[in-house]
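For reference, the structure is listed below as structure tokens.
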Amino acid sequence: MTIAGIRCTPKKIYYSIIVFKEDDTFTLINQELIIPVSFNIPDKLKYVRKTILDIFLEYNVIRAGIRVTENNAQSPDRFRLMLEAIVQELIASSYVEAYFTGLKGSISKRLDIPNNGTITEVIEGRSVFNGITDWSSFSTEHRESILVGFASSTL
């Protein structure tokens, strides 16, 4: 089974491809999609949609998750919201069998990580997740994309 986890920022899309093997081990591939600065907004959205779809096809992703902006965010970035929306639309209209849009609380619930500060420690890299030895070396955005990917594996 191959799963994708996605975390958007206004300048990059962080994504993690998780390939589960028959012996319950997994391979983790972390990448970034840099959004071209010279494109106008519609072309940026088109570029992201097409590229993420190509990535899904290349890896044969069957489940996916996207980390979305918290509802109580003080000043959410509008372009990030647009990116999250276009990625959600892409996932919903693709051949992906199941998908998950994750807020911190719903991610922690799916992963059985308490939402009492423990999930924050994991996201910040102070606690290791799932035995991934180099967990703290990943960026916060990649850690979130990995977590939402694993959360979507429980669907």
Side-chain angles (χ1 to χ4, degrees), residues 1-21 26-111 113 115 119-120 122-125 129-130 132 134-155:
M1 174 168 57
T2 303
I3 295 169
I6 298 172
R7 167 62 159 84
C8 299
T9 69
K11 296 181 181 184
K12 294 180 185 178
I13 307 288
Y14 294 82
Y15 65 93
S16 300
I17 305 295
I18 307 161
V19 181
F20 289 96
K21 300 174 186 165
F26 60 89
T27 301
L28 181 61
I29 302 163
N30 286 323
Q31 296 290 326
E32 299 171 6
L33 174 62
I34 298 171
I35 301 166
V37 178
S38 62
F39 287 7
N40 61 31
I41 290 177
D43 286 337
K44 287 179 181 182
L45 296 174
K46 182 173 73 172
Y47 171 79
V48 167
R49 187 184 194 289
K50 177 164 180 13
T51 306
I52 296 292
L53 180 59
D54 288 346
I55 291 165
F56 280 17
L57 290 170
E58 178 181 346
Y59 288 101
N60 195 26
V61 172
I62 61 169
R63 292 193 184 155
I66 180 170
R67 169 70 163 106
V68 293
T69 303
E70 294 291 326
N71 296 329
N72 61 352
Q74 295 291 338
S75 55
D77 184 281
R78 282 201 263 168
F79 185 63
R80 177 181 170 190
L81 295 173
M82 286 185 230
L83 288 170
E84 291 172 354
I86 202 74
V87 171
Q88 288 180 63
E89 184 278 329
L90 155 73
I91 294 169
S93 64
S94 73
Y95 62 88
V96 170
E97 296 171 2
Y99 61 94
F100 171 67
T101 54
L103 299 165
K104 190 188 296 188
S106 59
I107 294 167
S108 67
K109 184 176 181 179
R110 288 207 174 270
L111 296 176
I113 299 173
N115 195 8
I119 187 69
T120 301
V122 173
I123 289 170
E124 292 175 352
F129 173 72
N130 207 14
I132 300 172
D134 52 352
W135 183 250
S136 63
S137 69
F138 298 132
S139 68
T140 300
E141 293 83 5
H142 266 136
R143 287 192 292 268
E144 287 182 323
S145 71
I146 294 166
L147 290 170
V148 79
F150 273 97
S152 68
S153 74
T154 66
L155 299 173

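Being a predicted model, the structure only gives us computed values, none of them experimental. Worth knowing before you read on, the calculation uses all heavy atoms, side chains too, and leaves out hydrogens, waters and symmetry mates.
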Atom [atom1] in [X], atom [atom2] in [Y]: separation rounded to 0.5 Å?
{"X": "I119", "Y": "E124", "atom1": "CD1", "atom2": "CD", "result": "10.5 Å"}
{"X": "S16", "Y": "R143", "atom1": "OG", "atom2": "CZ", "result": "11.5 Å"}
{"X": "T9", "Y": "I35", "atom1": "OG1", "atom2": "CD1", "result": "6.0 Å"}
{"X": "T51", "Y": "I34", "atom1": "OG1", "atom2": "CD1", "result": "12.0 Å"}
{"X": "I132", "Y": "F138", "atom1": "CD1", "atom2": "CZ", "result": "6.0 Å"}
{"X": "F129", "Y": "L147", "atom1": "CZ", "atom2": "CG", "result": "5.5 Å"}

Any sub-3.5 Å donor-acceptor pair from [X]'s side-chain atoms to [Y]'s backbone N or O?
{"X": "R63", "Y": "I3", "value": "no"}
{"X": "W135", "Y": "V122", "value": "yes"}
{"X": "D77", "Y": "F79", "value": "yes"}

Pairs in or reaching into residues 31-45: which pass side-chain hydrogen bond (donor to acceptor under 3.5 Å, both in side chains), with residues at least two apart or in two chains? K12-E32

Quick one: list whatever passes side chain to side chain contact (heavy atoms under 4.5 Å, CB included) with S137, sequence neighbours left out.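 D134.
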
Do [X] and [Y] make a side-chain contact, defined as non-hydrogen atoms from C-beta onward lying under 4.5 Å apart?
{"X": "Y15", "Y": "V87", "value": "no"}
{"X": "I55", "Y": "V61", "value": "no"}
{"X": "T2", "Y": "I18", "value": "no"}
{"X": "V148", "Y": "R7", "value": "no"}
{"X": "I6", "Y": "S145", "value": "no"}
{"X": "I123", "Y": "T140", "value": "yes"}

Considering all heavy atoms, the nearest [X]-[Y] contact:
{"X": "I91", "Y": "S94", "value": "O-OG, 3.0 Å"}
{"X": "F20", "Y": "F26", "value": "CD2-CB, 3.9 Å"}
{"X": "A64", "Y": "V96", "value": "N-CG1, 3.9 Å"}

Under 3.5 Å, side-chain donor or acceptor atoms of residues 102-111 against the rest of the protein: list the pairs with distances, not counting sequence neighbours.
| residue | atom | partner | partner atom | Å |
| --- | --- | --- | --- | --- |
| K104 | NZ | T120 | OG1 | 3.2 |
| S106 | OG | L103 | N | 2.9 |
| S106 | OG | L103 | O | 3.0 |
| S108 | OG | K104 | O | 3.4 |
| S108 | OG | G105 | O | 2.8 |
| R110 | NH1 | T154 | OG1 | 3.4 |

Show the numbers, then the answer: is there a side chain to side chain contact (heavy atoms under 4.5 Å, CB included) between N60 and Y95? CA-CA 9 Å; N60 195 26; Y95 62 88; 4.1 Å; yes

Candidate pair R49 and S93, rule side chain to side chain donor-acceptor pair (under 3.5 Å), full reasoning: CA-CA 11 Å; R49 187 184 194 289; S93 64; 3.2 Å; yes

Hydrogens and angles aside, do Q88 and T101 bring a side-chain donor and acceptor to less than 3.5 Å of each other?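 Absent: no donor and acceptor within the cut-off.
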
So, are E141 and R67 salt-bridged, with charged N and O less than 4.0 Å apart?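 Result for this pair is no, no salt bridge flagged.
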
For F150 and F100, what are the C-alpha separation, side-chain angles and deciding distance, and is it a ring pair (Phe, Tyr, Trp, His ring centres under 6.0 Å)? CA-CA 10 Å; F150 273 97; F100 171 67; over 10 Å; no

Using a 6.0 Å cut-off, check whether atom OH of Y99 has over 12 heavy atoms from anything other than its own residue.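 Count not over threshold, so no.
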
